[in-house]
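Down below is the structure, laid out as structure tokens.
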Amino acid sequence: MTQATAVGKATAARATTGISGLDQILNGGLLPNRLYLVEGMPGSGKTTLAFQFLMEGARRGEPVLYITLSESEDEIRDVAQSHGWSLEGVTIRELIPQEQSLDPGEEYTVFHPSEVELSDTTRRILKDVEETKARRIVFDSLSELRLLAGSPLRYRRQILALKQYFSGRQCTVLLLDDLTSANHDLQVQSIAHGALLLGHTHPAYGGTRRRLSVTKFRGSDFRHGYHDYSILPGGLEVYPRLIASEHRQASSRERLISGISALDQLLGGGLERGTSTLIQGAAGTGKSTIAAAFAERAAARGEHALLLVFDESINTLMSRMKGLGLDLEGHVRSDRITIRQVDPAELSPGEMAQIIRRTVEEHQSRIVIVDSLNGYLNSMPDEKFLIVQMHELLMYLGQQGVATILVAAQMGLVSAHMASPVDISYLADGVLLLRYYESDGEVRQAISVLKMRGGAHERAIRDFRMEDGRIQVGEPLRSLRGVLTGTPQKVPDR
């Protein structure tokens, strides 16, 4: 049996969740006929995940049952309508207290309420399961059962009893817990076959950031760590954490040229496939222009390029490049160039990595440009994770044979000590530096290559201009010294 056949059979034996990213994290889905716990604070998307799981079962012709202990059926159908879902094939049972429970005459005087209500609720649940013969069941939520039980011991015994009951009935069960109890214990986690934790944070500015993790999954491997996800119209979209080692493949050492002969000469023949190049310099020095030149040339060869633009609108970028003889707009129309406007306040790092991966694999992209690294840094919830995530992304792109260009704006304009938002130069295979300098009463620009792994490059500092509708890389500035300080001096004639 081949490995592909074995993986296919393993996946077929799983209960897929209806969320492709989550199924990838779980190596194909949940192990069927087991009981699972889904934890998360209110608003984290537990109910949305549960309905996608049930609708996937209904799509496969399985009887499915949703038991709600806190929300009315009308409220649930309103949520489904907001996602554009049809709940055809999904049986909903509403077990919330009736209006009569508000009548003082209905209060229990001999037995404690938990002794009566828990038993009654359990009987109704088991009756519904027997009637529907459901293969997939969701309980929403455990907080109600916890309150009905009255004590931790009785609560644990009730969950164990339910687990034993379902184990012989070919049911895959999701228990939803909203974590609203004062003391969060691990009783159900220890009983459940697997557990998912959904969390969300609210940054000081921007949209809610959501991430999930698999805290337990008996009998199966899974993708560890945190994975970003979004709640969109239509349900949850999960972005599995990128692991570069899973995508290794052979790549050529072909050089990708910019079409600017002096620049390609400076780079030793162009950018090598599978490498990353950092273009850094002060604002307005031409970093984005150089990156766009490589994308335009790749598109002209019939290849695909992806531009992730953080700091500039797409219309402004295309208009500006057109003035320099780079027809990005035409290549966008022919689908040779994809430009994605990125709002760092709304897009999570995991979602951005998923966008890059999906585009690269669908279009066989040869160049990926991140413009700029400053914007990417702002999309991170915590700066200390940027280096690790960027390293994984660059490794993945390198293994796909993609030339990656990272644009970074340095702080300051003219100085010997220009500062970068984050030092990522050691990760990049090449570093291209642009600087302003003063000469003969004018502010000019210079370009140089500081680093190029795996190949020779020109070490000269050249004059760089963007004028007369084209990009110009001039002769080496051999008559000046101290160009990188911004205030060079002329070399005395010898």
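We use all heavy atoms of the structure for the numbers below, so side chains are in, but hydrogens, waters and symmetry mates are not.
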Donor-acceptor contact present, side-chain [X] to main-chain [Y], <3.5 Å:
{"X": "Lys163", "Y": "Ala192", "result": "no"}
{"X": "Arg223", "Y": "Ile25", "result": "no"}
{"X": "Gln52", "Y": "Leu236", "result": "yes"}
{"X": "Arg209", "Y": "Thr201", "result": "no"}
{"X": "His193", "Y": "Arg218", "result": "yes"}
{"X": "Ser365", "Y": "Leu306", "result": "no"}
{"X": "Ser213", "Y": "Thr215", "result": "no"}

Please determine whether salt bridge (charged side-chain N to carboxylate O under 4.0 Å, His left out) holds for the pair Glu71 and Lys46, giving the CA-CA distance in whole Å, both sets of side-chain angles, and the decisive distance to 0.1 Å. CA-CA 13 Å; Glu71 292 183 280; Lys46 302 180 301 299; over 6 Å; no

Heavy-atom pair with the smallest gap, counting every atom of Phe310 and Val342: CE2-CG1, 3.2 Å

Can you name the closest pair of heavy atoms from Thr68 and Glu94 and give their distance? CG2-CA, 3.6 Å

Classify the ring geometry of Phe222 against His224: parallel below 30°, tilted from 30° to 60°, perpendicular beyond 60°. tilted

Between His363 and His304, how do the two ring planes meet: parallel, tilted or perpendicular, split at 30° and 60°? parallel

Would Arg211 and Asp228 pass as an ion pair if we require N to O under 4.0 Å? no

Phe53 six-ring face occupied by Arg136 cation (under 6.0 Å, within 45°): yes

Cationic tip of Arg241 within the cone over Tyr239's six-membered ring, i.e. under 6.0 Å and within 45° of the normal? no

When you compare the side chains of Ser167 and Arg34, does any donor N or O come within less than 3.5 Å of an acceptor on the partner? no

Do you see a donor-acceptor pair shorter than 3.5 Å between the side chains of Asp311 and Ser372? yes

CD of Glu246: more than 12 outside heavy atoms within 6.0 angstrom? yes

Taking atom CD of Glu75 as the centre, does the number of heavy atoms from other residues, nucleotides or ligands within less than 6.0 Å exceed 12? yes

